[in-house]
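Here is the structure we will look at, set down as structure tokens.
Small disclaimer: the values here were computed from a predicted structure and weren't measured. Convention: sequence-line order gives letters A, B, ...; per-chain numbering from 1.
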Amino acid sequence: MSLKLYDTLTRSVRDFEPADPPRVRLYACGPTVYDHAHIGNYRSFLVYDLLHRYLKWSGYDVDFVMNLTDVDDKTIDRASEAGKDVREYTAPFTESILADARTLGILPARSYPLATGYVPQMVSWIERLEEKGLAYATEDGSVYFSIGAFPAYGRLKGLDPEFTRPGARVADDEYEKENVRDFALWKAAKPADEAVGAAWDSPWGRGRPGWHLECSVMSIAELGETLDIHMGGEDLVFPHHENEIAQSEGVTGQTFVRHWVHVKHLVVEGEKMSKSLGNTITVHELLEEGLGPAAIRHQLLGAQYRRELNFTRDGLAASAAAVQRLLDFEARLAETVGAGGVDGAGNRPPAADGGAPATATAESGGLAGPLARLADEAVEAFRTALEDDLNSAEALAALFVFVNRVNGELDAAAEVAQCDLEAARAALASMDEVLGLLSVAHEDLDVDDDFASEIESLIAERKAARGDKDFARADAIRDDLVERGIVLEDSAAGTRWKRVR
RNA sequence: GGCGCCGUAGCCAAGCGGUAAGGCAGAGGCCUGCAAAGCCUUUAUUCCCCGGUUCGAAUCCGGGCGGCGCCUCCA
């Protein structure tokens with residue numbers, strides 16, 4: 001079995017095969033860094049991360065690059081309002097977006113190229129397009145891509161080839177284009193561009209690159225002429241990615257991208273998220289409200305990436321509970337003491353005390369105990385779900401089936417073999433390498449040493465109170481700790497504590 | 001208008017021709033000093049509606065109804 005991924009260009013689920021295994025050249029369209037990124041951006045980033053993590057988990061050597069757009073109309077407008085240079089204006093947002101991504105457990109890309117760092121390369125790319133007759137300059141000093149000269153134009157979006165036919169020159173207010181759909185490769189500088197430092201010298205005069213060009217030039221510069229996977233939000237299919245194909249293949253003559261992956265937009269509380277509705281949510285806000293990053297992660301992975309996902313406050317609470325269930329399960333596995341060790345062949349040693357042989361493995365009739373079998377089944381189901389076009393919802397289900405079955409086994413069994421426990425722990429850790437739920441939650445819930453020792457001493461005090469049947473005191477200690485975000489759980493093995501959101 | 005997606009329990013969400021995963025929430029029970037955690041039972045005889053194909057359909061086809069996305073430098 002291997003990964004099957006939907007490909008926008010062929011509109012079909014295809015086997016994923018990198019051109020040069022085990023290397024995978026992975027490129028994603030990142031955000032425009034003019035503000036904090038919103039929850040929709042992060043859905044995309046989390047899908048990028050899911051694919052990134054899954055590929056690594058599967059043994060690929062992933063070279064992941066995500067661009068950051070720091071020069072375009074939005075950054076220029078905002079920088080202008082703030083009276084700052086465009087790079088000076090965008091840098092803090094770049095920082096905050098990447099910081100929030102780290103908090104959400106998004107694995108870093110190898111490189112985050114900025115458009116402003118590639119202007120000379122973009123200029124020479126335009127010159128090559130001109131040489132090939134795919135671009136033309138206009139009198140005002142702008143340069144356009146001529147879609148009529150690129151027969152494959154429109155294939156990604158499935159557009160009628162008719163409309164790429166070169167028509168009469170279309171006189172715009174200020175431009176002169178051969179076809180209304182021709183797009184800017186180079187835009188003549190306006191005073192506002194100059195004011196914020198968003199203008200560069202070029203053979204066509206002062207100006208700035210068109211937005212679409214940066215991805216072609218930067219992805220090829222960083223990863224080579226053919227990318228294995230190019231990802232983005234569904235809104236980027238047209239015109240952005242259509243234009244990237246035209247620019248890239250127009251120059252190289254090579255297939256630009258082997259696999260196009262597009263993430264469906266989410267909705268918020270059942271409505272499209274948009275600035276006009278005033279319902280945009282940024283991850284920055286959610287984190288500042290104290291919502292757990294693992295819960296955000298869980299909700300965003302709760303639907304397969306090509307399905308609409310409804311991001312809600314109620315859903316976030318449900319996700320927080322689901323993450324807690326995982327944490328509790330992990331803690332239970334960690335504190336369960338296994339019976340006996342194993343030799344290299346997985347055989348149980350004779351019981352040291354001469355007692356009855358362990359039933360856990362004996363009843364299973366094999367060397368692998370019930371937990372080890374459940375672990376194998378879970379990882380297999382998990383893998384199968386992800387191989388099926390990154391079905392994260394089904395992968396999560398596989399994980400939770402595992403949690404339920406193992407908990408049941410642990411409740412029922414008198415004792416569990418050490419090797420069996422290890423197998424269960426390893427399976428959980430392995431699945432979390434892809435999901436990143438537990439690791440993010442731990443990062444989030446860490447308690448400093450002082451507080452931890454205070455908790456321990458309160459637990460000791462409570463134990464004494466319970467010993468004296470002073471339940472009022474014992475409960476008061478427990479209630480106070482709950483106020484401080486610490487939940488106590490008594491069991492035969494003693495009292496354990498956990499921090500909750 | 002063009003292209004495309006979706007309608008499954010109270011909410012979220014899998015399922016891709018073989019007899020309804022999972023999470024959250026709810027009810028009852030076991031365990032517990034009480035809790036928490038965990039487990040067990042329970043919560044859709046049924047998948048928007050109507051036809052059709054099939055031994056068999058939530059799954060395929062046709063027609064409705066309803067919701068949504070992109071086509072505008074929004075991931």
What are the atom names and distances for every N/O pair under 3.5 Å that joins the protein to nucleotides 38-41 of chain B?
residue, atom, partner, partner atom, Å
B/G38, OP1, A/Arg325, NH1, 3.3
B/G38, O3', A/Asn407, ND2, 3.2
B/G38, O2', A/Arg332, NH1, 3.1
B/G38, O2', A/Asp411, OD1, 3.3
B/G38, O2', A/Asp411, OD2, 2.8
B/C39, OP1, A/Arg325, NH2, 3.3
B/C39, OP1, A/Asn404, ND2, 3.1
B/C39, OP2, A/Arg325, NH1, 3.4
B/C39, O4', A/Asp411, OD2, 2.7

(request) Rounded to the nearest angstrom, tell me the gap between atom CZ in A/Arg78 and atom P in B/C74. (result)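 Result: 13 Å.
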(message) From CD of A/Glu308 over to P of B/C5, roughly how many Å is that when rounded to an integer?
(response) 14 Å
(message) Heavy atoms from C-beta onward define the side chain here; which of B/A75, B/G15, B/G23 lies closest to that of A/Arg307?
(response) B/G15
(request) Report the nucleotide, chosen from B/A13, B/A36, B/G15, that has the shortest atom-to-atom distance to any side-chain atom of A/Asn310. (result)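 Of all the options, the side chain of A/Asn310 is nearest to B/A13.
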(message) Ring-plane angle category for A/Phe145 and A/Phe183, please: parallel below 30°, perpendicular beyond 60°, tilted otherwise.
(response) parallel
Looking at [X], I'd like to know whether one of its side-chain N or O atoms comes within less than 4.0 Å of OP1 or OP2 on [N].
{"X": "A/Arg306", "N": "B/G4", "result": "no"}
{"X": "A/Asn391", "N": "B/G15", "result": "yes"}
{"X": "A/Lys157", "N": "B/G2", "result": "no"}

Distance between the [atom1] atoms of [N] and [M], in whole angstroms?
{"N": "B/U43", "M": "B/A27", "atom1": "P", "result": "16 Å"}
{"N": "B/G7", "M": "B/A13", "atom1": "P", "result": "10 Å"}
{"N": "B/C6", "M": "B/C16", "atom1": "P", "result": "14 Å"}
{"N": "B/G63", "M": "B/A25", "atom1": "C1'", "result": "38 Å"}
{"N": "B/A36", "M": "B/G29", "atom1": "P", "result": "14 Å"}
{"N": "B/A20", "M": "B/G15", "atom1": "C1'", "result": "8 Å"}
{"N": "B/A14", "M": "B/G23", "atom1": "P", "result": "15 Å"}

(message) Looking at A/Glu289 and A/Arg313, is any side-chain nitrogen of the basic one under 4.0 Å from a carboxylate oxygen of the acidic one?
(response)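 Looking at A/Arg313 and A/Glu289, the cut-off is met.
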(message) If the threshold is 4.0 Å, N to carboxylate O, is there a salt bridge linking A/Arg499 and A/Asp444?
(response) no
Describe the nucleic acid contact of [X] in one word from base, sugar-phosphate, nothing, applying a heavy-atom distance below 4.0 Å.
{"X": "A/Leu410", "result": "nothing"}
{"X": "A/Phe471", "result": "base"}
{"X": "A/Arg478", "result": "base"}
{"X": "A/Gln304", "result": "sugar-phosphate"}
{"X": "A/Met273", "result": "base"}
{"X": "A/Lys74", "result": "sugar-phosphate"}
{"X": "A/Ala397", "result": "base"}
{"X": "A/Arg462", "result": "base"}
{"X": "A/Asp314", "result": "nothing"}
{"X": "A/His38", "result": "base"}
{"X": "A/Val487", "result": "sugar-phosphate"}
{"X": "A/Leu399", "result": "nothing"}

[N]: pairing nucleotide in any strand, Watson-Crick or G-U under 3.5 angstrom:
{"N": "B/A9", "result": "none"}
{"N": "B/U32", "result": "none"}
{"N": "B/U53", "result": "none"}

Look up atom [atom1] in [X] and atom [atom2] in [Y], then write down how far apart they are to the nearest 0.5 Å.
{"X": "A/Trp260", "Y": "A/Arg14", "atom1": "CH2", "atom2": "CZ", "value": "12.5 Å"}
{"X": "A/Leu46", "Y": "A/Arg43", "atom1": "CG", "atom2": "CZ", "value": "10.0 Å"}
{"X": "A/Phe150", "Y": "A/Gln247", "atom1": "CZ", "atom2": "CD", "value": "10.0 Å"}

(request) Compare all side-chain heavy atoms of A/Arg473 with those of A/Asp468 and state whether any distance is below 4.5 angstrom. (result)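 No, too far: nothing below the 4.5 Å cut-off.
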(message) Using only modelled atom types and a 3.5 angstrom limit, is any donor from either the side chain of A/Arg11 or the base of B/G4 paired with an acceptor on the other?
(response)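 Under the 3.5 Å cut-off, the side chain and the base do not form any donor-acceptor pair.
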(message) Tell me if the centroids of the rings in A/Phe402 and A/Phe329 come within less than 6.0 Å of each other.
(response)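 For A/Phe402 and A/Phe329, the ring centres are under 6.0 Å apart.
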(message) By the definition salt bridge (charged side-chain N to carboxylate O under 4.0 Å, His left out), identify the one residue from A/Arg208, A/Arg78, A/Lys190 that meets it with A/Asp73.
(response) A/Arg208
